[in-house]
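Report on one structure; see the data block that follows.
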Amino acid sequence: MANKKREWKGVTGGSVFGQKAMKIMLAILDVRIGYGIVALIVPFYMLFAHKGYIAIYQYFRLRMGYSPVKAFCKTYMNHFVFGQTIIDRFAVYAGRKNFKVENPDGNLFLEQIESPRSCIIATSHVGNPELCGYLLSQRTKRINGLIFGGETSEVKKNRSVVLTANNVRLIPVSPDMSHLFIINQAFADGEILVVPCDRTFGSDKTVECDFIGGKADFPVGAFALAQQFDLPVLVMFVVKISTSTYRIHIRPIRVADDTDKHKRIEAMTRSFASNLEDIVKKYPEQWFNYYNFWKR
């Protein structure tokens, strides 16, 4: 599993200069012009970032069962939509306010915001969950996002400006494990923790789950925390449904009450994997895991 960490770094591509130029461009131009540029760049990206291209092509070909031609077209669309989500993020950095968020399951989230208890929100690399933190603002309860890996100074600066204004704090995972103290304090203060749960990041604390016709390891960290602190868990997916509209899907994770804590953690992990499979099948072009996810 450590090889997967090296294959896909999970950070925004490009130099600081290029990212600053993108922000300036999107302050002036419509995002659809950016999309047009992405459409032209994607074939070159697929050619030179070959490992990511092969991984996504095999996902469409072997797991989704598409023909070679359809799998290739879907691979292009996957890269194109991923580029759009990056453009959308920088458009928000540039001050664009024309994005909308549909939240049909909003009551589930509001219940946690209004509750004095903490909760954990399990997310994935489907769609654009980060944009949700940029577009939605509330002052009732701070939301903490656990993040893995580094970003450029430009992305960090823009993230901080937008997220701090929306009562969101990012907690980088630290080699010295100091992030655990911040998490403990957040739970003591009744705050929300958001954790991506579809990548292992080299961790050996995983559960093997059935996932789209194969076996894959999913990390248990978020669900172990939920059991340790007796916290509810919601699964959240934020998908792009039009040029300017995103939709939030929120579902609770509920498992049978079992006296064995380890069995409860395994059941929650498998429930997350099942929810992820449902959303990936509904929006197959919006799952952005550019490495060999399944076990051989």
Side-chain angles (χ1 to χ4, degrees), residues 101-148 159 163-173 177 179-199 201 203 205 207 209 218-239 246-258 261-276 278-279:
V101 177
E102 295 181 358
N103 192 3
D105 307 312
N107 286 339
L108 288 171
F109 181 69
L110 287 176
E111 287 175 8
Q112 299 304 324
I113 287 291
E114 295 170 359
S115 170
R117 295 178 65 198
S118 294
C119 86
I120 293 175
I121 297 179
T123 64
S124 70
H125 295 81
V126 170
N128 200 355
E130 187 174 325
L131 204 74
C132 186
Y134 298 155
L135 300 177
L136 301 180
S137 176
Q138 54 78 35
R139 308 307 304 174
T140 304
K141 181 181 289 191
R142 181 158 63 178
I143 298 173
N144 301 272
L146 192 65
I147 57 173
F148 298 81
R159 272 180 171 175
L163 292 177
T164 301
N166 287 350
N167 204 20
V168 178
R169 174 178 63 173
L170 296 181
I171 304 175
V173 171
M177 308 302 285
H179 58 281
L180 295 179
F181 295 101
I182 302 174
I183 291 172
N184 286 342
Q185 188 58 52
F187 288 156
D189 295 337
E191 298 174 356
I192 292 174
L193 179 68
V194 181
V195 187
C197 296
D198 61 341
R199 292 182 189 162
F201 299 98
S203 171
K205 297 179 180 179
V207 170
C209 301
F218 283 80
V220 304
F223 312 111
L225 281 173
Q227 287 300 305
Q228 179 182 350
F229 290 92
D230 189 25
L231 301 177
V233 180
L234 299 179
V235 181
M236 183 180 75
F237 307 105
V238 183
V239 293
Y246 282 83
R247 178 177 294 150
I248 303 175
H249 296 268
I250 302 175
R251 304 169 184 175
I253 284 188
R254 297 190 180 100
V255 296
D257 193 12
D258 196 300
K261 183 179 76 171
H262 297 291
K263 288 183 179 179
R264 291 199 302 271
I265 292 172
E266 288 186 6
M268 295 177 79
T269 307
R270 292 195 170 95
S271 177
F272 171 81
S274 177
N275 278 285
L276 178 61
D278 289 345
I279 206 76

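Here the structure is a predicted model, which is why all the values come from computation and not from measurement.
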Exercise for the section: Using ring pair (Phe, Tyr, Trp, His ring centres under 6.0 Å) as the criterion, list what pairs up with Tyr134, not counting sequence neighbours. Expected result: Tyr93
Completion exercise
Hits for ring pair (Phe, Tyr, Trp, His ring centres under 6.0 Å) against Phe187, two or more places apart or cross-chain, chain-then-number order -> Phe229
Practice task
Using salt bridge (charged side-chain N to carboxylate O under 4.0 Å, His left out) as the criterion, list what pairs up with Glu266, not counting sequence neighbours.
Solution key: Arg270
According to side chain to side chain contact (heavy atoms under 4.5 Å, CB included), who are the partners of [X], at least two apart in sequence or on a separate chain?
| X | value |
| --- | --- |
| Gln227 | Lys261, Arg264, Ile265, Met268 |
| Ala222 | Ile120, Val195, Cys197 |
| His262 | Asp260 |
| Val168 | Ile143, Leu163, Asn166 |

Set of side-chain hydrogen bond (donor to acceptor under 3.5 Å, both in side chains) partners for [X], sequence neighbours left out:
| X | answer |
| --- | --- |
| Asn144 | Arg169, Glu191 |
| Asp189 | Gln185 |
| Gln228 | none |
| Asn103 | none |

Side chains of [X] and [Y] in contact at under 4.5 Å (non-hydrogen atoms):
| X | Y | value |
| --- | --- | --- |
| Gln112 | Ile121 | no |
| Ile192 | Phe109 | yes |
| Asn107 | Ile250 | no |

Practice task
Return each pair, listed once, that meets salt bridge (Lys or Arg N to Asp or Glu O under 4.0 Å) where at least one residue sits in residues 102-112; pairs must be two or more places apart or across chains.
Solution key: Glu102-Arg247
Quick one: closest heavy-atom pair of [X] and [Y], and the distance?
| X | Y | value |
| --- | --- | --- |
| Ala165 | Arg139 | O-NH1, 3.0 Å |
| Cys119 | Leu231 | CA-CB, 4.4 Å |
| His125 | Pro196 | CE1-CB, 4.0 Å |

Problem - Aromatic ring pairing Phe223/Phe272, orientation class (parallel under 30°, perpendicular over 60°, tilted between) - result: tilted
Practice task
Show the numbers, then the answer: is there a side chain to side chain contact (heavy atoms under 4.5 Å, CB included) between Arg117 and Asp230?
Solution key: CA-CA 10 Å; Arg117 295 178 65 198; Asp230 189 25; 4.2 Å; yes
